[in-house]
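Have a look at the structure below before the remarks.
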Amino acid sequence: MSKYNTLWEYVQKSKNESFRLTFDQIQNIAGIPIDHSFLKYKKELTEYGWQVGKISMKEQTVLFHKID
């Protein structure tokens with residue numbers, strides 16, 4: 001079980017084709033702050049039918065896209 005499973009399940013339930021979450025929103029959903037290890041864990045999201053798009057350090061947001 002990944003430390004981001006709660007986040008992946010949240011993303012999977014989205015009805016949108018893509019959407020953006022702030023780092024603060026991710027922390028509230030996952031129960032942990034986003035850190036550098038997110039880059040490694042983000043590959044797990046493909047198992048849920050989604051992928052991580054752009055990660056903006058300036059805006060502190062992550063874009064998620066549904067895989068066709």
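This one's a predicted model, so the numbers in the text were calculated from it and none came from an experiment. All residue numbers in this chain count up from 1 along the given sequence.
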Per-pair distances, 0.1 Å, donor-acceptor, side chain in residues 59-68, under 3.5 Å, sequence neighbours excluded:
none

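- Note that the CH2 atom of Trp8 and the CG atom of Leu45 stand 5.0 Å from one another [nearest 0.5 Å].
- Taking Asp35 as the reference, Lys3, Tyr4, Ser37 meet the side-chain contact (heavy atoms from CB on, under 4.5 Å) condition, with sequence neighbours excluded.
- The stretch residues 8-32 participates, sequence neighbours left out, in no salt bridge (charged side-chain N to carboxylate O under 4.0 Å, His left out) pair at all.
- Contact annotation: the side chain of Thr6 never approaches that of Ile32 to less than 4.5 Å [non-hydrogen atoms, C-beta and beyond].
- Screening residues 49-58 for side chain to side chain donor-acceptor pair (under 3.5 Å) gives no qualifying pairs among residues at least two apart or on separate chains.
- More than 12 non-hydrogen atoms from other residues, nucleotides or ligands lie less than 6.0 angstrom from CZ of Phe19.
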May I have the step-by-step check of side chain to side chain contact (heavy atoms under 4.5 Å, CB included) for Asn5 and Tyr41, ending in yes or no? CA-CA 10 Å; Asn5 274 5; Tyr41 284 101; over 6 Å; no
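- In this structure, OG on Ser2 lies 9.0 Å from CD on Glu47, to the nearest 0.5 angstrom.
- In terms of the side-chain hydrogen bond (donor to acceptor under 3.5 Å, both in side chains) criterion, Ser14 has no residue partners (sequence neighbours excluded).
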Under the side chain to side chain contact (heavy atoms under 4.5 Å, CB included) rule, what do Phe38 and Leu7 come out as? Steps first, then yes or no, please. CA-CA 11 Å; Phe38 184 78; Leu7 176 61; 3.9 Å; yes
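- With sequence neighbours excluded, the residues forming a side-chain contact (heavy atoms from CB on, under 4.5 Å) with Gln27 are Pro33, listed by chain and number.
- Side-chain contact check for Ile26 versus Thr22: every heavy-atom pair is 4.5 Å or farther apart.
- When every heavy atom of Lys43 is checked against every heavy atom of Thr46, the shortest pair comes out as O-OG1, 2.9 Å.
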